[in-house]
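Indexing begins at 1, ligand by ligand and atom by atom, following the structure's order.
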Amino acid sequence: MEVVIRDTKEDAALLTARLIEQELSANPFLVLGLATGRTMEAVYGLLVRMHQEQGLDFSRTVTFNLDEYVGLSPDHPCSYRQYMQKHLFDHINIDPRRTHLPNGMAQDVPTECRQYEQRIRNSGGIGLQLLGVGRSGHIGFNEPVSSLRSRTREKALTPQTVAQNSAVFGGPEHMPRWAITMGVGTILECRRCLLLATGREKAEIIARAVEGPITSMVSATALQLHPDCTVILDEAAASRLEQTAYYRWIFEHERHWEGFR
Ligand code: GLP
């Protein structure tokens with residue numbers, strides 16, 4: 001795991017977008033794993049600008065989102081499909097047939113989950129997976145005690161997650177209680193992970209995820225097992241970490257960060 005601390009949330013989002021741009025430029029056929037949430041909106045805004053102003057090309061890119069709410073159709077305004085259309089897909093030259101999210105309306109959810117895994121395998125596997133983190137420590141919707149080897153499946157959302165995400169639904173009573181999410185095991189198979197977290201409200205969970213012991217109580221700790229995971233933070237989200245001087249030293253000295261400092 002590498003930890004990179006930027007001064008502001010804007011700088012953290014910019015570094016994330018530039019790393020995605022670097023991967024896409026090196027491989028236009030990149031299979032990109034995508035995340036939702038407020039944190040990612042800045043990253044998608046920057047990718048849209050890179051497409052519009054510098055011609056960043058998504059025409060051959062394949063995407064797989066981490067999760068979708070159960071019971072929401074793709075055209076529901078609060079579905080993650082609509083989130084992706086609004087913040088990214090409608091503004092770039094991506095082929096809609098190459099964008100994938102779990103089907104929250106599937107009649108047979110276990111079959112939908114198996115097929116989602118199969119579609120990821122058929123695409124050659126995820127090259128770069130973008131991740132946020134919930135305050136419960138979830139990646140995707142892998143709530144506490146999700147198996148570290150879990151695959152795509154239906155998960156019940158914790159009260160904390162309902163409280164965290166219900167504002168966009170106009171209150172908890174309107175929010176789904178289940179989601180289909182890639183599993184922790186699914187996420188660990190991608191070639192590279194980028195986790196972005198910003199703001200003071202993420203500081204405690206980031207300290208546990210990065211410096212705490214690996215535990216299924218905090219799914220994000222499983223990323224310590226990943227061979228190529230970069231955690232990108234602003235000062236506020238990094239404020240409860242103990243080893244910030246060390247992380248900064250690494251960023252200043254590792255050759256692969258040249259051009260990003
Ligand atoms: C949702 C998503 C997660 C995401 C989290 C963070 O719960 N399922 O994948 O990491 O939101 O949200 P935010 O960026 O709004 O804090």
### Query
Are any of the side-chain nitrogens in E41 or K9 under 4.0 Å away from the carboxylate oxygens of its partner?
no
Proximity to ligand 1 by part of [X], non-hydrogen separation under 4.0 Å:
X    : value
Y69  : neither
V133 : backbone
R135 : neither

### Query
What's the spacing between T230 OG1 and H256 NE2 if we round to 0.5 Å?
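The OG1 atom of T230 sits 6.5 Å away from the NE2 atom of H256.
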Contact with ligand 1 for [X], non-hydrogen, under 4.0 angstrom:
X    : value
T161 : no
M40  : no
E201 : no
G140 : yes

### Message
Is there a polar contact between ligand 1 and I139, counting only N or O atoms under 3.5 Å apart?
### Response
no
### Task
Enumerate the atoms of ligand 1 whose separation from the nearest heavy atom of G132 is less than 4.0 angstrom.
10 (O)
Which protein heavy atom lies closest to [atom], and at what distance to 0.1 Å?
atom                    : value
atom 12 (O) of ligand 1 : G37 CA, 3.8 Å
atom 14 (O) of ligand 1 : T39 OG1, 2.4 Å
atom 8 (N) of ligand 1  : D67 OD2, 2.8 Å
atom 4 (C) of ligand 1  : T36 O, 3.7 Å

### Query
Using the ring of each side chain (for Trp, its six-membered ring), is W257 parallel, tilted or perpendicular to F251, with breaks at 30° and 60°?
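W257 vs F251 ring planes: tilted.
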### Message
Does the plane of the ring in H138 sit parallel, tilted or perpendicular to the ring in F141? Use 30° and 60° as the thresholds.
### Response
perpendicular
### Query
Are V62 and H100 close enough, and set up right, to give a side chain to side chain contact (heavy atoms under 4.5 Å, CB included), and what steps lead you there?
CA-CA 8 Å; V62 176; H100 303 88; 3.8 Å; yes
### Task
Decide yes or no on ring-ring contact (aromatic ring centres under 6.0 Å, His included) for F169 and Y69, but give the supporting numbers first.
CA-CA 12 Å; F169 289 88; Y69 290 108; 5.2 Å; yes
### Message
Exactly one of R6, R200, K202, R248 should register a salt bridge (Lys or Arg N to Asp or Glu O under 4.0 Å) with E235. Which one does?
### Response
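Per the salt bridge (Lys or Arg N to Asp or Glu O under 4.0 Å) rule, the option paired with E235 is R248, out of R6, R200, K202, R248.
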### Query
If Ile, Leu, Val, Met, Phe, Trp and Tyr residues are connected whenever their side-chain heavy atoms lie under 4.5 Å apart, and connections chain through other members, are I94 and F64 in the same group?
no
